[in-house]
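Have a look at the structure below, then the notes.
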Amino acid sequence: MEGDFLERVLDLSKTPFNLDYTLNSGQVFKWEKMDGWWYGVVNDSILKMKQMGNKLFFTIHPDRGIEFIYNYFRLDDNLPSILNSINKDPIINDAINRYYGLRLIRQDPWECLISFICATNNKIPNIQRMIKRLSEGYGNKLKFEGKVFYTFPKPQSLAYANLDKLKSYGLGYRAKFVINAAKLVASQELDLNKLIHLDYYTARENLLTKHMNRKLLLGVGLKVADCVLLFSLNKLNSFPIDVWILRVIINFYNHLFDKDFITHIKEKRLNDWIYNKIAERMRAYFGDFAGYAQEYLYYYIRHKSF
DNA sequence: ACCCAGGCGATTG
DNA sequence: CAATCGCATGGG
């Protein structure tokens, strides 16, 4: 079908957006840049994109409406207004100025959950490789421009996946957590999409539920839950704290905390009590869009040379 | 060889 | 409750 390969242009002059920053921000792991074009599989469609200034060139295959792009890249978010609301100090101001146009992405919650279960105690290139192998092994094959792509596996596919096969993909001890999560979602014991309608704290409680004094979702703690809430469930006040954000706190935001608290967290490893205390303070400081601040600060600490 | 990574589970005290 | 410790894997 000729129409499937129609290249379209989106005018970004009134909606600030930076595709490279957004896709390099560690939110999503299934995108790849080839010959200057970004290729990604979103739900069941291949997206091919390139930005040149205020113009976003893209092809969706099979074709979808423009809302598909708006929804995924949250182009409906009033970015200037959001960034203005979180711009509280010179550090975040510097991050905003450097990486202006970085947006949160609205991912599929299921893919997001599995991605960040795989992300624990791991490095981004390795996470990308794991997600790629999972997709090749259990996703559906798509062809486009003579290239082969794979959708992210459905919950039903991973629920009956072979444990040793997942381990051979490099998932290690996370393999059993992935299968556990897949069984819960496939059986509809856990309905991720209903969490979109709940507030941040209630939705987080759902992800961290215990059943007979045992966690329902294995491999999901505060950090993974916060990532899923922020990147896929519309909870923009979620403030995930990983080792990098902890460095941001210690280096640039220690004045927001008691002095002995800072010396305490330098000695101890991050535990739930420390995590919640920091996250609550940063939510109070940055406000309802603290998640955007988190993402700009994450990009800042990862990319700026100090 | 050792250390680290978008942390968390299991086991102890 | 809180505090330790081990963990699969790959790269520096």
Side-chain angles (χ1 to χ4, degrees), chain A residues 21-31 95 99 102 104-105 107 111-134 137 161-181 184 204 207-233 235 238-251 261 264-279 282 290-304:
Chain A
Y21 294 155
T22 301
L23 292 178
N24 278 326
S25 61
Q27 299 180 62
V28 284
F29 305 100
K30 257 179 86 67
W31 286 83
Y99 308 119
L102 168 60
L104 290 170
I105 293 176
Q107 305 179 39
E111 177 174 342
C112 190
L113 174 65
I114 298 304
S115 297
F116 281 93
I117 286 176
C118 292
T120 62
N121 205 27
N122 208 344
K123 283 183 179 168
I124 288 179
N126 202 27
I127 302 164
Q128 289 169 332
R129 185 164 43 237
M130 286 156 56
I131 299 301
K132 186 180 172 75
R133 289 174 179 170
L134 276 178
N162 181 276
L163 181 64
D164 290 324
K165 201 166 183 180
L166 294 195
K167 286 182 177 175
S168 77
Y169 293 163
L171 271 70
Y173 62 90
R174 307 168 190 87
K176 56 182 178 295
F177 301 157
V178 167
I179 293 179
N180 171 258
L184 289 172
R204 189 176 71 169
L207 291 175
L208 300 174
T209 324
K210 290 187 177 177
H211 205 252
M212 311 288 267
N213 207 14
R214 183 182 158 79
K215 287 181 70 171
L216 198 63
L217 274 172
L218 295 172
V220 179
L222 288 169
K223 194 280 179 175
V224 173
D226 274 346
C227 285
V228 175
L229 292 163
L230 179 61
F231 301 144
S232 73
L233 292 170
K235 309 303 182 246
S238 174
F239 193 90
I241 302 168
D242 67 338
V243 289
W244 295 94
I245 289 296
L246 195 59
R247 285 170 195 150
V248 170
I249 303 293
I250 291 172
N251 287 320
F261 178 75
H264 179 68
I265 65 176
K266 282 180 181 171
E267 293 164 1
K268 301 277 181 179
R269 279 207 259 178
L270 196 58
N271 59 40
D272 284 4
W273 182 79
I274 295 174
Y275 185 105
N276 280 326
K277 190 146 172 111
I278 297 174
M282 301 316 283
Y292 262 101
Q294 190 273 2
E295 208 51 25
Y296 273 81
L297 292 172
Y298 178 79
Y299 204 99
Y300 185 71
I301 192 79
R302 293 299 307 257
H303 293 88
K304 184 175 184 296

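Here is the naming used below: chain letters follow the sequence lines, and residue numbers restart at 1 for every chain. Computed from a predicted structure; not experimentally measured.
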Checklist entry - What string of B, S and - do you get for nucleotides 5-12 of chain C, 5' to 3', when a contact is any protein heavy atom under 4.0 Å? => result BBBBBBS-
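B:dG6 and C:dA3 are spaced 24 Å apart, taking the C1' atom of each and rounding to whole Å. Between B:dG9 and C:dG10, the two C1' atoms lie 22 Å apart (nearest whole Å). Separation of the C1' atoms belonging to C:dC7 and B:dC4 is 14 Å when rounded to the nearest angstrom.
Rounded to the nearest 0.5 angstrom, A:I117 CD1 and A:L113 CG are separated by 4.0 Å. The line from CD1 of A:I274 to CZ of A:R269 is 11.5 Å long, rounded to the nearest 0.5 Å.
For the pair A:K176 and A:L163, the tightest heavy-atom approach, listed with the atom from each and the gap, is N-CD1, 3.7 Å. Annotation for A:A181 and A:L217: closest pair CB-CD2, 3.8 Å, computed over non-hydrogen atoms.
A:Y169 comes within 4.0 angstrom of nothing in the nucleic acid, heavy atoms only. Residue contacts shown for A:Q128 are absent, as no nucleic acid heavy atom lies under 4.0 Å away. Among the heavy atoms of the strands lying under 4.0 Å from A:G221 are primed sugar atoms or P, OP1, OP2 only; no base atom is included. Heavy atoms of A:S115 sit nowhere under 4.0 angstrom from any nucleic acid atom. Within the 4.0 angstrom heavy-atom criterion, no nucleotide atom of any strand lies near A:L270.
Chain A approaches DNA chain B within less than 4.0 angstrom (heavy atoms of the protein), and the contacting nucleotides run 5' to 3' from B:dC4 to B:dA10.
Within the 3.5 Å criterion, the main-chain N or O of A:V220 finds a donor-acceptor partner in the side chain of A:K215.
Taking for each of A:Y298 and A:L218 the nucleotide of DNA chain B with the nearest heavy atom, the 5'-most of the two is the partner of A:Y298. When the nearest nucleotides of DNA chain B are assigned to A:K215 and A:F116 by heavy-atom distance, the more 5′-ward of the two goes with A:F116.
Under the 4.5 Å side-chain criterion, counting only non-hydrogen atoms from C-beta, A:Y275 is in contact with A:D226.
For A:K132, the salt bridge (charged side-chain N to carboxylate O under 4.0 Å, His left out) partners two or more places apart in sequence, or in a different chain, are A:E136.
Under the side-chain contact (heavy atoms from CB on, under 4.5 Å) rule, A:S25 has a single partner from A:Y296, A:Y298, A:F231, A:Y299, which is A:Y299. Between A:Y292 and the options A:L102, A:L297, A:L104, a side-chain contact (heavy atoms from CB on, under 4.5 Å) holds for only A:L104.
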